[in-house]
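Heavy-atom basis, side chains included; hydrogens, waters and symmetry copies ignored. A, B, ... follow the sequence lines: proteins, then strands. Residue 1 opens every chain.
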Amino acid sequence: MRNTTLLAHAIALTTLVSSGSVYGQRAAAAAEPALTPRLADGTVDLGGDGIWDQPWITDFGRQLVGDTEIPFLPWTKAMYDYNKSNAVAYDPQGFCLPPGGPRMFGTPYPSEFIQDRNRIVVIFEGGAHVWREIHMDGRPLPKREDLNPTYFGYSVGRWEGDTLVVEATGFNEKTWLNFNGTMHTDELTTVERISRPNRDTLHYEATITDPGAYSKPWTIAWDIPWLEGAELAEYICQENNKFLLELKDEFGNPFFEDVPTDKP
Amino acid sequence: MQRTFTALLVAAMTALVAQPTAAHHSFAAEFDANSPIELTGTVTKVEWANPHTFFYIDVTTPKGDVEAWALEMGSPNGLMRRGWTRDSMKIGDVVTVTGSRAKNGTTLGNARSVTLSTGKRLFAGSSEENAESN
């Protein structure tokens, strides 16, 4: 009887774990999670001997905090529907361009936080092989108009207790906010709240404010599990992007001409 | 005894954890999840590269024709985490592939798993959702 119950639990747990779910991993990792690691001065340590196993977040609409729907404007709703109609074929990330914004934390592969004296640098294996700098020296967030628009924007951060609060602005319009074709404009600003309630969990929350694209601010959140003992690998997306070389627009015109590939 | 067994079980299952695969491009834009394929063929080429590793196999049809297939897998960093090395498949190996066919109906597929000539079956780092549920 005990063995049958144990077997039943083992099967359930294996199914959970091998499905790649966050909960399965956490269940398998420890019955009781290890405490939040801290630096010598008591600041939460976002690093350690491991990496953050970023999940693939395909739909911000499933990660909403406080709302039941993304507050689309008519044009962003129309773009969302259009992108869905072609199975998001024209996602800039398919061109090996970095996602930027909150999407970066919802894009595989794993990441690490490097906490330096006056800055935090997040290095991402995915997206690909990119980094993002968060200024922690107390400087104010610059005005968007004074910034050169970039993929990752300009970020300043501060600790509020055990939560890292990051404000970012100055985003360009060359990225999609989310994998499933949710758009944004260069009016986008984000406030991210990052905490590590225990060693194995990074809680990520982002409030998106973009009056050019959405009727009000909206907030998304997810947890990112820790992989103790693991290391980042290298992923250089630009190397051999056959999908891109053969990509055609909606009129059947290829983006790149006369490119020989081995695909049939 | 029970504790040791449980500890071993937890350790084994942690090792099975499948990390997410980057969908650098949309699976659905190119492949048809409703068009499953299972092929056995001889490896003619392996391109161990980002963002997708490709390998090519010659498949002999029941009629005796030889079809050249191209199979897309995940990127090397994802494959390494699933037990692959760049030498796991060599030219001349006979392998079996499960996956999904290209929407355009050509002999192009997205690989979900590969059974190597050693008999070992590895997941291919596919960006199809639920690619590793069995």
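For the pair Tyr235(A) and Pro76(B), the minimum side-chain heavy-atom distance is 4.5 Å or more. Within the 4.5 Å cutoff, the side chain of Pro51(B) has no heavy atoms near those of the Phe243(A) side chain. Glu47(B) places a side-chain heavy atom less than 4.5 Å from the side chain of Lys242(A). Annotation: side chain of Arg81(B) is in contact with side chain of Pro110(A) (closest heavy-atom distance under 4.5 Å).
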Could you check Asn240(A) against His52(B) for side-chain contact (heavy atoms from CB on, under 4.5 Å), going step by step and ending with a plain yes or no? CA-CA 8 Å; Asn240(A) 185 31; His52(B) 293 282; over 6 Å; no
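Under a cut-off of 6.0 angstrom, the local environment of CD in Glu228(A) is crowded, with over 12 non-hydrogen atoms contributed by other residues, nucleotides or ligands. By the neighbour-count criterion of 12 heavy atoms within 6.0 Å, atom CH2 of Trp131(A) is sparsely surrounded, having that number or fewer from other residues, nucleotides or ligands.
Interface residue Gln54(A): only backbone heavy atoms are found under 4.5 Å from chain B. Only the backbone of Leu232(A) comes within less than 4.5 Å of a heavy atom of chain B; no side-chain atom from C-beta onward does.
When every heavy atom of Tyr109(A) is checked against every heavy atom of Gly78(B), the shortest pair comes out as CE2-CA, 4.3 Å.
To the nearest 0.5 Å, atoms CH2 (Trp56(A)) and OG (Ser127(B)) are separated by 6.0 Å. To the nearest 0.5 Å, atoms CG (Asn50(B)) and CD (Glu234(A)) are separated by 7.5 Å.
Counting heavy-atom pairs closer than 4.5 Å to chain A, the top-ranked of the candidates Ala28(B), Ala70(B), Ala29(B) is Ala29(B). Residue with the most contacts toward chain B among Ile236(A), Thr58(A), Asn86(A), Val88(A): Ile236(A) (heavy-atom pairs, distance under 4.5 Å).
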